[in-house]
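Heads up: the structure comes next, in C-alpha cells.
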Amino acid sequence: MRKNIRSRLFIAASVLAFGAMSSVGAFEALPKQPPIPKDNPMSPAKVELGKQLFFDPRLSSNGTLSCNSCHDVSGSGTDNRTVSLGVGAKAGGRNAPTVWNAAFMTAQFWDGRAATLEAQAKGPILNAIEMTMPDEQAVIDRLSSIPGYKEQFAKVFGGPNSLTYDNIAKAIAAYERTLITPNSAFDRYIKGNKKALSAAALRGMKEVETLGCTGCHNGVNFAGPALPMGEGFYQKFPTFTDNDYVKKYKLDEDVGRSIVTKNDADKHMFRVPTWRNVALTAPYFHNGSVKTLHEAVRVMAKTQLNKDLAGKQVDDIVEFLNSLTGEFPKQTLPRLPGTPNMSVINE
C-alpha cells in the first residue's frame, strides 16, 4: 500500500514538474537504445533466438499463433484489429498495443500488470484466450523436443538446463528491445533540422502543448514522464463522461487497472499509450473502438480535457502526430529450427 502511495505521489510530482517545463523540455528525441536490465544483457545470439521465438507459432497450443500474429513487426507492431483473436478465433478483451518502442515503457499492457518486457512475454503464451498453452512446463517440453532450440538455449544462456520459461521470456524481450523507430520528422526537428516539420505539424505541436495534451503525453515515448521500471504512468480514461463519445464508443465499460489491483481508486485507470507511430496503429483506445486518428483526437480532447476542437485544430494535431512516425528497421523472417520426421503439434 505504501509503495502504491509513494508511486502516486511521485507521478503527481512528475506531472506538476512537467507543467512548469518549457516546450524544449516537453519534447524529446527518441534515444538510440532503450534501457537494458542488468539481469538480461543483450547479445546478437540472444536477439536472434528471441526473434525466432517471437515468430514461432509453436509457442501456441495448436501451432497457429505467434507473438507476431498480434504484434506484426512487418507493419505497425499491432494487428490493426479492434481486439486481437486468439487460438480458435477467440476474441480478446482489449486492443493490442504496439510492440515498437515498447522497450521505453516502464509497465506493459493497458493495465500495467507486467512490470517488464520479460514479464509481458510470459503472459500471452499461457493466456486462456490468446496462445492457450496449458502451463510453463508444457512450453518447455515442446521447445525441448526441438533440437535446434536446445542447442541455442545452451549456447546463449549456458548449460544443459538453460531452456527455462524465464529464459524464453528473456530471449523474446531481448529481441523486442531492438524494435526501435528513431529519426522521425519530429526527431530530426528537435535535433536541429527546422525544416523537418511542415507548417501544419508545427501548429499541431503548439496546439497539443497549449491544450494540455502534453501533461500526459510527454517524455521520449510521449507516454509520460520517466519513472522507475515497473512503475507505470496511469491516467483515468474517460475523465469527463458527460458527452456522447463515452456512450458511442463504450469508453467506460472497462474498469482498467482496478481489475489487477482490486483497488477502487484504480477504476478506469490505464497506462498512457505512446504517441510514436500512432498514425499507423488504428483502431484506437483500449477497446479499439475508434477507427480514425482524427476522431481519436476529438474524443481525447472532449473526454480528457472537456474541450471541443475546430476542424483545423484537429487537422494540425493529426499532422503533428504523423510526424512521430519513425524509421522502421528492416525485419526479415527468421529460419525456425525444424523437427525432422515429426511434428510437435498434437492437435
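Residues take their numbers from the sequence shown, with the count starting at 1.
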Hydrogens and angles aside, do [X] and [Y] bring a side-chain donor and acceptor to less than 3.5 Å of each other?
{"X": "His286", "Y": "Asp111", "answer": "no"}
{"X": "Asp56", "Y": "Ser66", "answer": "no"}
{"X": "Glu253", "Y": "Asn287", "answer": "no"}
{"X": "Thr181", "Y": "Glu327", "answer": "no"}
{"X": "Asn40", "Y": "Lys46", "answer": "yes"}
{"X": "Thr332", "Y": "Lys51", "answer": "yes"}
{"X": "Asn221", "Y": "Thr274", "answer": "yes"}

Considering non-hydrogen atoms only, spot the tightest contact between [X] and [Y] and give its length.
{"X": "Leu53", "Y": "Ile168", "value": "CD1-O, 3.9 Å"}
{"X": "Val73", "Y": "Asn68", "value": "N-OD1, 2.9 Å"}
{"X": "Ala107", "Y": "Tyr234", "value": "CB-OH, 3.8 Å"}
{"X": "Phe104", "Y": "Gln33", "value": "CE2-O, 3.9 Å"}
{"X": "Arg188", "Y": "Ala196", "value": "CB-CB, 3.9 Å"}
{"X": "Ala171", "Y": "Phe157", "value": "N-CZ, 4.2 Å"}

> Step by step, would you call Ser84 with Asp79 a side-chain contact (heavy atoms from CB on, under 4.5 Å)?
Replying inline: CA-CA 7 Å; Ser84 296; Asp79 55 10; 2.6 Å; yes

> Tell me, do Ile180 and Pro34 make a side-chain contact under 4.5 Å, heavy atoms counted?
Replying inline: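 Contact flag for Ile180/Pro34 side chains = yes.
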
> Considering residues at least two apart in sequence or located in another chain, which fulfil the side-chain hydrogen bond (donor to acceptor under 3.5 Å, both in side chains) criterion with Arg298?
Replying inline: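 Only Glu295 meet the side-chain hydrogen bond (donor to acceptor under 3.5 Å, both in side chains) criterion with Arg298.
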
>> Looking at Lys307, I'd like to know if its NZ atom is crowded, meaning that more than 12 non-hydrogen atoms belonging to other residues, nucleotides or ligands lie closer than 6.0 Å.
In response: yes

>> Atom NZ of residue position Lys291 - does it have more than 12 heavy atoms of other residues, nucleotides or ligands inside 6.0 Å?
In response: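 Yes.
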
> What residues, two or more places apart in sequence or in another chain, satisfy salt bridge (charged side-chain N to carboxylate O under 4.0 Å, His left out) together with Asp141?
Replying inline: none

> Does NZ or CZ of Lys236 lie under 6.0 Å from the centre of the six-membered ring of Phe270, at an angle within 45° of the ring axis?
Replying inline: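 Pair Lys236/Phe270 does not count as cation-pi.
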
> Can you tell me how far OG of Ser162 sits from NZ of Lys170, rounded to the nearest 0.5 angstrom?
Replying inline: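 With rounding to 0.5 Å, NZ (Lys170) is 11.5 Å from OG (Ser162).
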
> Would a line drawn from the ring center of Phe285 to the ring center of Phe237 be shorter than 6.0 Å?
Replying inline: yes

